[in-house]
K.L.:
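Sharing a structure, written as structure tokens. Questions coming.
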Amino acid sequence: MYRYIANRVLLVIPTLIGAAALVFVLMRLIPGDICAVRLGSGGGKLDPHAVLACHTELGLDRPLILQFLDFVWGFLRLDFGVSMWSGKPVAEEIAARLPVSLEIAVMATVVAVLIAIPLGTISALKQNSWIDHVVRTVAIAGIATPSFWLGIVSILVVLDISHAAFGAPWMPPIDYVPLWQDPLRNLSIVILPALTVGYRYSAVTMRMTRSAMLEVLREDYIRTARAKGLVKRLIINRHALKNAMLPVIGGLVVTEQVFNINGVGRLFVLAVQNQDYALTQALVMLTVAIFVFANLAVDLLYAWLDPRIRFG
């Protein structure tokens, strides 16, 4: 057990370092210059001396290896530096937009679990029946549907229904209000994006749950339990559990653009557009850290629940 935990924990280190190196290199390969974007936003002619001064101010004139070491050392100290575009601390930029994205992510995960686990289980228990075919069709539709299209369609549906019911189209307000201040207003803002993202990513978990259930139902102990009339034991595959817990990071980038929500996903798009290295790297590493540690938690929990993983 301890060896299994040590191996899983040690795998976190190269994963984070590899992700940091990858995002650092990819950001430098993107054509353009953050200083040219900042100084040329007014449409005037760029002054080479001003560009050089901007590079010096942002530390872009230093060797790349030193920039990378500073980036990694800052990440280890949870110091993400200052945004190259706004001049504000990166931590403040993210903290201001994190609550709405986190709320949507949690709600979308709940939606994905509530849809995927029951339907995937029923689909496996009713294999090759009409119920199974309906569930598989719903799952395939969710996988094949782009997030932006699903978001646009959901907005149009709300507009049509509200217009037919109240005589005027209705859309939720854009400005975010915390749940504890105004629950109804808050839910009106986040419920539609959460449903959109939750359904989109429940499709993958639904299929994985069905596959895991079918695999379990073919085990010898299940056949024995069936023969003796015992209650069937249901085990959810840990990969399906991971997909149920982590469905929304990538989906928020597109969904927040469609619904005009000023969250972390939209901030990520703006950071890439402005070539803000510091902010983009911090957002990518934050996403990677969430994935890595959530997967680590699921692996350890699954090992505790299933001795076959522990001693395998």
Side-chain angles (χ1 to χ4, degrees), residues 1-26 71-72 75-78 80 94 98 101-121 139 142-143 147 194 197-216 234-255 263-265 268 280-312:
M1 179 64 174
Y2 294 109
R3 182 177 180 181
Y4 176 85
I5 294 175
N7 290 335
R8 285 293 182 268
V9 172
L10 290 176
L11 282 175
V12 170
I13 299 174
T15 302
L16 293 177
I17 294 177
L22 184 61
V23 65
F24 182 87
V25 172
L26 289 179
F71 163 50
V72 173
F75 177 73
L76 294 176
R77 294 183 293 114
L78 299 180
F80 302 110
I94 297 176
L98 186 60
S101 296
L102 185 61
E103 185 177 354
I104 295 174
V106 172
M107 291 184 64
T109 302
V110 173
V111 170
V113 170
L114 293 179
I115 294 175
I117 303 301
L119 291 183
T121 303
I143 295 173
S147 297
V197 178
Y199 166 67
R200 173 70 175 81
Y201 287 89
S202 69
V204 178
T205 308
M206 198 185 306
R207 291 178 62 85
M208 296 188 69
T209 301
R210 179 182 181 275
S211 300
M213 279 296 304
L214 290 175
E215 181 181 349
V216 170
L234 305 182
I235 299 178
I236 303 301
N237 185 279
R238 59 174 168 167
H239 301 295
L241 182 59
K242 292 177 183 179
N243 279 275
M245 293 177 61
L246 305 169
V248 295
I249 302 300
L252 287 179
V253 174
V254 177
T255 305
V264 174
F268 184 84
T280 304
Q281 290 169 175
L283 288 171
V284 171
M285 291 308 299
L286 176 63
T287 304
V288 171
I290 292 174
F291 269 90
V292 168
F293 287 107
N295 275 274
L296 176 63
V298 172
D299 284 339
L300 298 181
L301 177 62
Y302 201 77
W304 179 65
L305 295 174
D306 191 346
R308 295 176 301 174
I309 302 297
R310 209 178 307 163
F311 301 109

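FYI, side chains are in, hydrogens and waters are out, and symmetry mates aren't considered; it's all heavy atoms of this structure. Sequential numbering from 1 along the given sequence is applied to the chain's residues.
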K.L.:
Can you tell me how far the OG1 atom of T280 sits from the CE atom of M285, to the nearest 0.5 Å?
P.N.:
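So the gap between those two atoms works out to 13.5 Å.
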K.L.:
Hey, what do you get for CZ (R210) to OG1 (T121), rounding to the nearest 0.5 Å?
P.N.:
11.5 Å
K.L.:
If you round to the nearest 0.5 Å, how far is CG of L114 from OG1 of T109?
P.N.:
10.5 Å
K.L.:
Looking at every heavy atom in both M107 and A194, which two are closest together, and how far apart are they?
P.N.:
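Smallest interatomic distance, heavy atoms only, reads CB-CB, 3.6 Å.
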K.L.:
Taking all non-hydrogen atoms of both residues, which atom of S202 and which atom of A116 are closest, and how far apart?
P.N.:
O-CB, 3.4 Å
K.L.:
Starting at CE of M208, measure out to CD1 of I117 and round the result to the nearest 0.5 Å.
P.N.:
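If I round to the nearest 0.5 Å, the distance is 10.0 Å.
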K.L.:
Any donor-acceptor pair under 3.5 Å linking the side chain of T255 with the backbone of V197?
P.N.:
no
K.L.:
Please report the C-alpha distance between L296 and V12 in whole Å, then the side-chain angles of each, then the deciding distance to 0.1 Å, and finally whether the side-chain contact (heavy atoms from CB on, under 4.5 Å) criterion is met.
P.N.:
CA-CA 8 Å; L296 176 63; V12 170; 4.0 Å; yes
K.L.:
About how many Å separate CG of L26 and CD of Q281, when rounded to the nearest 0.5 Å?
P.N.:
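Reported value, rounded in 0.5 Å steps: 10.5 Å.
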K.L.:
Please tell me if the side chains of F268 and V284 come closer than 4.5 Å, counting only heavy atoms from C-beta onward.
P.N.:
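Yes. Closest side-chain heavy atoms under 4.5 Å.
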K.L.:
Which heavy atom in A139 sits nearest to a heavy atom in M206, and how many Å separate them?
P.N.:
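Residues A139 and M206, closest heavy atoms: CB-SD, 3.8 Å.
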K.L.:
Working to the nearest 0.5 angstrom, can you tell me the gap between N295 CG and T15 OG1?
P.N.:
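It comes to 9.5 Å.
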K.L.:
What is the minimum heavy-atom distance between V113 and P118, and which atoms define it?
P.N.:
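Taking every non-hydrogen atom into account, O-CD, 3.4 Å.
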K.L.:
If I compare all heavy atoms of L98 with all of V264, which pair ends up nearest, and what's the gap?
P.N.:
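Heavy atoms only, the tightest pair is CA-CG2, 3.7 Å.
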K.L.:
Take the angle between the ring planes of F24 and F71 and call it parallel below 30°, perpendicular above 60°, tilted in between.
P.N.:
parallel
K.L.:
Okay, side chain of Y199, backbone of G142: is any donor-acceptor separation there less than 3.5 Å?
P.N.:
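Judged by distance alone, yes, a pair lies under 3.5 Å.
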